[in-house]
S.K.: 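Pasting a structure here, questions to come.
Values in this document were obtained by computation on a predicted structure and should not be read as measured data. Sequence lines set the chain letters: A, B, ... in the order given, protein chains first and strands last, and positions in each chain run from 1.
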Number of protein chains: 2
Amino acid sequence: MPYTEKQERLARYAKALGHPARLFILEFLESQSCCFVGNIVDELPMAQSTVSQHLKELKDARLIQGSIEPPRVRYCVNRENWEEAKALFQGFFKEAEIIANH
Amino acid sequence: MPYTEKQERLARYAKALGHPARLFILEFLESQSCCFVGNIVDELPMAQSTVSQHLKELKDARLIQGSIEPPRVRYCVNRENWEEAKALFQGFFKEAEIIANH
DNA sequence: CCCACCCATCGTAGATTTGCGATAAACTAT
DNA sequence: ATAGTTTATCGCAAATCTACGATGGGTGGG
């Protein structure tokens, strides 16, 4: 593997954040501290199937997780990986700052 | 526009960071505080044309900038936008934290 | 049992991304 | 002039992304 583990993981998180709809979903999930798919669909100007696909990508990136609460599905931020992503981004920008100041 | 200006800009930066080669390039540029294209090509396991393309994307995202120094081209991080990106990511994760703690 | 509701998944289309080799463009040096 | 060096760009192929409508699979209520 030509890249470091950190680079691979950070790139994956960055990619997941690389669409405004997914940023919106994450911010919305935070503001509501978990919510149902329907609530998200109501807020976004796209078809339900498209929203579902964005949710899937965030889920695949392990930034969110869903739990079935019939008849609905509740999504929450995955705290553990959210913190990891946060730390990776912080490290990315911080390290650069340290280097830049020398 | 259904998304906020911040979301659009953050998504654009995140997208640019969404490939390990581009993360590598940015970290490499920091560690060298500017360098020539050839140096980057030597470090990456991909064709020169592909590296050039990744540089173009980072340039389009305004995270780096190039200056011609015949017969070579020197690339540096674009400090201003780098700081903006940093602030946007910080805001994104921080705001979420504040909300989550309520 | 059947219907309505909620959501995921399928199939599809078009756009974008990623990668390569080949070529072009700009400059140096001989 | 010619040849070499360095980098961008072109043309192409394969893969992935984005979006949609339609369909399917659960679940709960009548």
S.K.: In Å, rounded to the nearest 0.5 Å, how long is the span from CG of A:Asn78 to NZ of A:Lys59?
M.R.: 12.5 Å

S.K.: What orientation do B:Phe92 and A:Trp82 show, parallel under 30°, tilted 30 to 60°, or perpendicular over 60°?
M.R.: tilted

S.K.: Which residue, B:Pro70 or A:Ser49, contacts DNA chain C at a nucleotide closer to its 5' end, judged by nearest heavy atom?
M.R.: A:Ser49

S.K.: How long is the line joining CD1 of B:Ile64 and P of D:dT7, in whole Å?
M.R.: 13 Å

S.K.: Base, sugar-phosphate, or nothing: which does A:Lys15 touch, judged by heavy atoms less than 4.0 Å apart?
M.R.: sugar-phosphate

S.K.: Below the 4.0 Å mark, does C:dC6 have OP1 or OP2 next to a side-chain nitrogen or oxygen of A:Tyr75?
M.R.: no

S.K.: Could you check how far CD of B:Gln65 sits from P of D:dA8, rounded to whole Å?
M.R.: 14 Å

S.K.: What's the closest nucleotide to the A:Phe36 side chain, out of D:dA19, D:dA8, C:dC7?
M.R.: C:dC7

S.K.: Please work out if A:Glu57 contacts a base, only the sugar-phosphate, or nothing of the nucleic acid, heavy-atom cut-off 4.0 Å.
M.R.: sugar-phosphate

S.K.: Write down the distance between CZ (A:Arg12) and P (D:dT16), rounded to a whole number of angstrom.
M.R.: 13 Å

S.K.: Could you check whether B:Glu8 pairs with B:Lys15 (Lys NZ or Arg NE/NH1/NH2 to Asp/Glu carboxylate O, under 4.0 Å)?
M.R.: no

S.K.: In terms of side-chain geometry, is the basic nitrogen of A:Arg79 or A:Glu30 positioned less than 4.0 Å from the acidic oxygen of its partner?
M.R.: yes

S.K.: Could you pick out which residue, A:Ile68 or A:Met46, lies toward the 5' side of DNA chain D when each is mapped onto its nearest nucleotide?
M.R.: A:Met46

S.K.: CG of A:Leu55 versus P of D:dC17: gap in Å, rounded?
M.R.: 16 Å

S.K.: Which residue lies toward the 5' end of DNA chain D, A:Ala21 or B:Gly38, if each is placed at its nearest nucleotide?
M.R.: B:Gly38

S.K.: Would one find a side-chain N or O of A:Ser52 under 4.0 angstrom from OP1 or OP2 of C:dA8?
M.R.: yes

S.K.: Closest nucleotide of DNA chain C for B:His19 versus for A:Pro71: which of these residues is on the 5' side?
M.R.: A:Pro71

S.K.: Does A:His54 have a side-chain nitrogen or oxygen under 4.0 Å from the phosphate oxygens OP1 or OP2 of D:dA19?
M.R.: yes

S.K.: Tell me whether the OP1 or OP2 atom of D:dT18 has a side-chain N or O from A:Thr50 closer than 4.0 Å.
M.R.: no

S.K.: Would you classify A:Gln53 as touching base, sugar-phosphate or nothing, given that sugar-phosphate means primed atoms plus P, OP1 and OP2, and contacts are heavy atoms under 4.0 Å?
M.R.: base

S.K.: Between P on C:dT18 and CD on B:Gln48, what's the gap in Å once rounded to a whole number?
M.R.: 17 Å

S.K.: Just compare C:dG19, D:dT9, C:dC7 and give me whichever is closest to any side-chain atom of A:Val73.
M.R.: C:dC7

S.K.: Got a second to check how far A:Phe28's CZ is from A:Ser33's OG, nearest 0.5 Å?
M.R.: 11.0 Å

S.K.: Return the value, rounded to whole Å, for the distance between atom NZ of B:Lys59 and atom P of D:dT7.
M.R.: 12 Å

S.K.: What's the OH-P distance between A:Tyr3 and C:dT18, to the nearest Å?
M.R.: 11 Å

S.K.: If I take atom CG in residue A:Leu58 and atom P in nucleotide D:dT18, what distance separates them, rounded to the nearest angstrom?
M.R.: 11 Å

S.K.: Measure from the side chain of B:Ala47, starting at C-beta and using heavy atoms only, and say which of D:dT7, C:dC20, D:dT9 lies closest.
M.R.: C:dC20

S.K.: May I ask you to say what B:Arg22 touches in the nucleic acid, namely base, sugar-phosphate or nothing, with a heavy-atom cut-off under 4.0 Å?
M.R.: sugar-phosphate

S.K.: Between A:His54 and A:His19, what is the ring plane arrangement, given parallel below 30°, perpendicular above 60°, and tilted in between?
M.R.: tilted

